[in-house]
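Worksheet: the structure to be examined is printed underneath.
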Amino acid sequence: MDNNKYAVIMAGGVGSRFWPKSTENTPKQFLDVLGTGITLIQRTFERFNKLIPAENILVVTNDKYVELVLEQLPLMNPNNVLAEPFMRNTAPCLAYAVKKIESVNPNAVMVVTPADHLIAKTDVFESIMTQGLEYVSNNDAILTIGIEPDRPNTGYGYIEYDTSEGINDAPVKVLNFKEKPDLETAKGYISSGNFSWNSGMFLWSLKTINESFMINAPEVMSHFITEKEVYYTKNEQEFINTVYEKCPSISVDYAILEKANNVSVINTDIGWSDVGTWVSLQDHIEESDGGNSVISGKTLMDQSSGNIVSLADNKILVTKGLNDFIIVETDGVLMIVSKEYEQDIKKLRADAGSKFGKELL
């Protein structure tokens, strides 16, 4: 493995649309959402560890999840777990990671990834990552991974790219990043033929991203620049606690990607899902018991189909004539929601917390 290659796993989110399984104490990335015995962050670490040495993998997370990270990732170097004292979105956490890596290897190239995505075609993924890391090693470019869309999905951001030079599985210039669209807009994107889903994975060299931060978002990066040796010392956490209070809360998309003129995309099909909702799991779960997706629990489902079920292993669910529902049970909550109202789960979570106590959140 190349010791100049690094991976940064972003693992600080709460995953509120995966409530009631995902809570503030145990967010989605630390859950075994498929019922296979491995959590999402463990899957992510294993994917990248095939390409990048364990000592070159960093995890950025909220300070209250540090012990969870180390418990689930025993190969992690504790010094490579970056503890954020406050939620400040993705630009500050990546500026932190960039400066920390630079302190030990200014020649590094890095890939940034969310902790909670699923990737089914791991062989294609490894090939794309190898290609991408080679590309940013030799080009002054910010590289994104675009997912070839198979339907007009309204739950993903989109990347508009230039097709004038052809694609042929090579990086092409990004023209625009688009926010999550309504259905008609998404249909237009798909029919145009030059839009892909934004996977949230990025690759760059430290030199390139440092320059881009200083040009496009100096108000973020300037906080993490220090003349004294701080990173990988006993003073690091105190320093980070101080600078995070001063940092703006801004995504790397707004801070860098939408401003930079050297952004490219590789479009691919890696069997990707951001697992943003319960329904998004269905593509990754084999149907059972009459066309239902049973993650865990015991079921007897008569004249019932299209349901998603996640229960405690010892719980039994019996239904008749129930179709297209999300049924999720935890120690304290049973949630039954029509798939039609899946987007309301985030609000239901907040309402339940207000009515029954914040400990549910």
Side-chain angles (χ1 to χ4, degrees), residues 4-13 44 48 52 56-63 65-66 69 77 79-115 132-133 136-137 140-145 157 174 177 198-233 235-263:
N4 285 339
K5 295 176 181 176
Y6 287 75
V8 175
I9 300 172
M10 298 182 293
T44 302
F48 282 96
I52 294 170
N56 287 7
I57 299 177
L58 289 77
V59 173
V60 189
T61 192
N62 188 281
D63 55 9
Y65 304 140
V66 169
V69 170
N77 177 352
N79 290 323
N80 281 356
V81 182
L82 283 58
E84 295 184 285
F86 317 105
M87 294 182 72
R88 287 290 187 266
N89 217 313
T90 52
C93 86
L94 293 179
Y96 177 14
V98 165
K99 284 303 178 187
K100 180 149 182 163
I101 294 170
E102 185 183 47
S103 71
V104 292
N105 188 346
N107 298 314
V109 294
M110 59 187 276
V111 55
V112 175
T113 181
L133 287 165
V136 297
S137 296
D140 178 22
I142 294 171
L143 184 63
T144 68
I145 304 300
V174 169
F177 289 88
N198 186 352
S199 72
M201 288 185 280
F202 315 110
L203 302 92
W204 46 54
S205 68
L206 285 195
K207 179 178 182 295
T208 293
I209 196 60
N210 258 318
E211 289 177 355
S212 196
F213 260 112
M214 293 312 297
I215 292 169
N216 298 302
E219 72 280 5
V220 176
M221 180 57 85
S222 61
H223 293 296
F224 297 92
I225 298 172
T226 173
E227 294 180 1
K228 295 188 298 182
E229 189 176 342
V230 169
Y231 299 106
Y232 289 104
T233 75
N235 298 318
E236 178 178 339
Q237 194 60 54
E238 182 182 357
F239 170 74
I240 291 300
N241 291 348
T242 300
V243 301
Y244 256 68
E245 283 192 297
K246 305 171 186 175
C247 257
S249 179
I250 185 171
S251 71
V252 72
D253 301 66
Y254 285 124
I256 302 291
L257 300 176
E258 294 185 6
K259 299 177 183 177
N261 60 10
N262 60 338
V263 184

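Keep in mind that the numbers below use all heavy atoms, side chains included, and drop hydrogens, waters and symmetry copies.
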At what distance, to the nearest 0.5 angstrom, does [atom1] of [X] lie from [atom2] of [Y]?
X    : Y    : atom1 : atom2 : answer
N235 : E229 : CG    : CD    : 9.5 Å
R88  : C93  : CZ    : SG    : 12.5 Å
M110 : L133 : CE    : CG    : 10.5 Å
F224 : C247 : CZ    : SG    : 4.0 Å
F177 : N198 : CZ    : CG    : 6.0 Å
N107 : K5   : CG    : NZ    : 14.5 Å

Check your understanding: Is there a side chain to side chain contact (heavy atoms under 4.5 Å, CB included) between W204 and L94 once you walk through the steps?
Key -> CA-CA 12 Å; W204 46 54; L94 293 179; 4.1 Å; yes

Point to revise | Test side chain to side chain contact (heavy atoms under 4.5 Å, CB included) applied to I52 and V111, step by step | key: CA-CA 10 Å; I52 294 170; V111 55; 4.0 Å; yes

For residues [X] and [Y], report the shortest heavy-atom separation together with the two atoms involved.
X    : Y    : value
G132 : L143 : CA-CD2, 3.5 Å
L257 : V263 : O-CG2, 3.8 Å
P92  : P248 : CG-O, 3.3 Å
Y232 : S103 : CD1-OG, 3.7 Å
A95  : V220 : CB-CG1, 4.0 Å
A141 : V136 : O-CG1, 3.8 Å

Check your understanding: For Y254, does the OH atom have more than 12 heavy-atom neighbours from other residues, nucleotides or ligands under 6.0 Å away?
Key ->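 No - once you tally the heavy atoms of other residues, nucleotides and ligands closer than 6.0 Å, there are 12 at most.
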
Check your understanding: Would you say D63's side chain and A83's backbone share a donor-acceptor pair under 3.5 angstrom?
Key ->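 Checking the backbone N and O of A83 against the side chain of D63, no donor-acceptor pair under 3.5 Å is found.
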
Practice item. Please check if the side chain of N77 supplies one atom and the backbone of N79 the other of a donor-acceptor pair under 3.5 Å. Key: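 Present.
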
If we only count heavy atoms from C-beta on, is the [X] to [Y] side-chain gap below 4.5 Å?
X    : Y    : answer
N89  : I250 : no
S199 : T144 : no
T226 : Y231 : yes

Practice item. Any chance you could lay out the side chain to side chain contact (heavy atoms under 4.5 Å, CB included) test for I256 and F202, step after step, and finish with the verdict? Key: CA-CA 11 Å; I256 302 291; F202 315 110; over 6 Å; no

Just distance, no hydrogens or angles: give the donor-acceptor pairs under 3.5 Å from side chains in residues 208-215, sequence neighbours left out.
unit_1, atom_1, unit_2, atom_2, d
T208, OG1, D140, OD1, 2.8
T208, OG1, S205, OG, 3.0
N210, OD1, K99, NZ, 3.1
N210, ND2, E102, OE2, 3.0
N210, ND2, L206, O, 3.3
E211, OE2, K207, NZ, 3.1
S212, OG, N216, ND2, 3.0

Exercise for review: Mind checking side chain to side chain donor-acceptor pair (under 3.5 Å) for T61 and listing every partner two or more places apart, or none if nothing turns up?
Suggested key: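 Counting only residues at least two positions away or on another chain, T61 forms no side chain to side chain donor-acceptor pair (under 3.5 Å).
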
Review point. Which residue pairs pass the salt bridge (Lys or Arg N to Asp or Glu O under 4.0 Å) test with at least one member in residues 235-256, sequence neighbours excluded?
Key: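 Sorted pair list: K100-E236.
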
Practice item. Apply the test side chain to side chain contact (heavy atoms under 4.5 Å, CB included) to residues V66 and V59: give CA-CA distance (whole Å), side-chain angles for both, the deciding distance (0.1 Å), then the verdict. Key: CA-CA 9 Å; V66 169; V59 173; over 6 Å; no

Point to revise | Given T113, V112, V252, L82, the one that forms side chain to side chain contact (heavy atoms under 4.5 Å, CB included) with M10 | key: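 The residue from T113, V112, V252, L82 that satisfies side chain to side chain contact (heavy atoms under 4.5 Å, CB included) with M10 turns out to be V112.
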
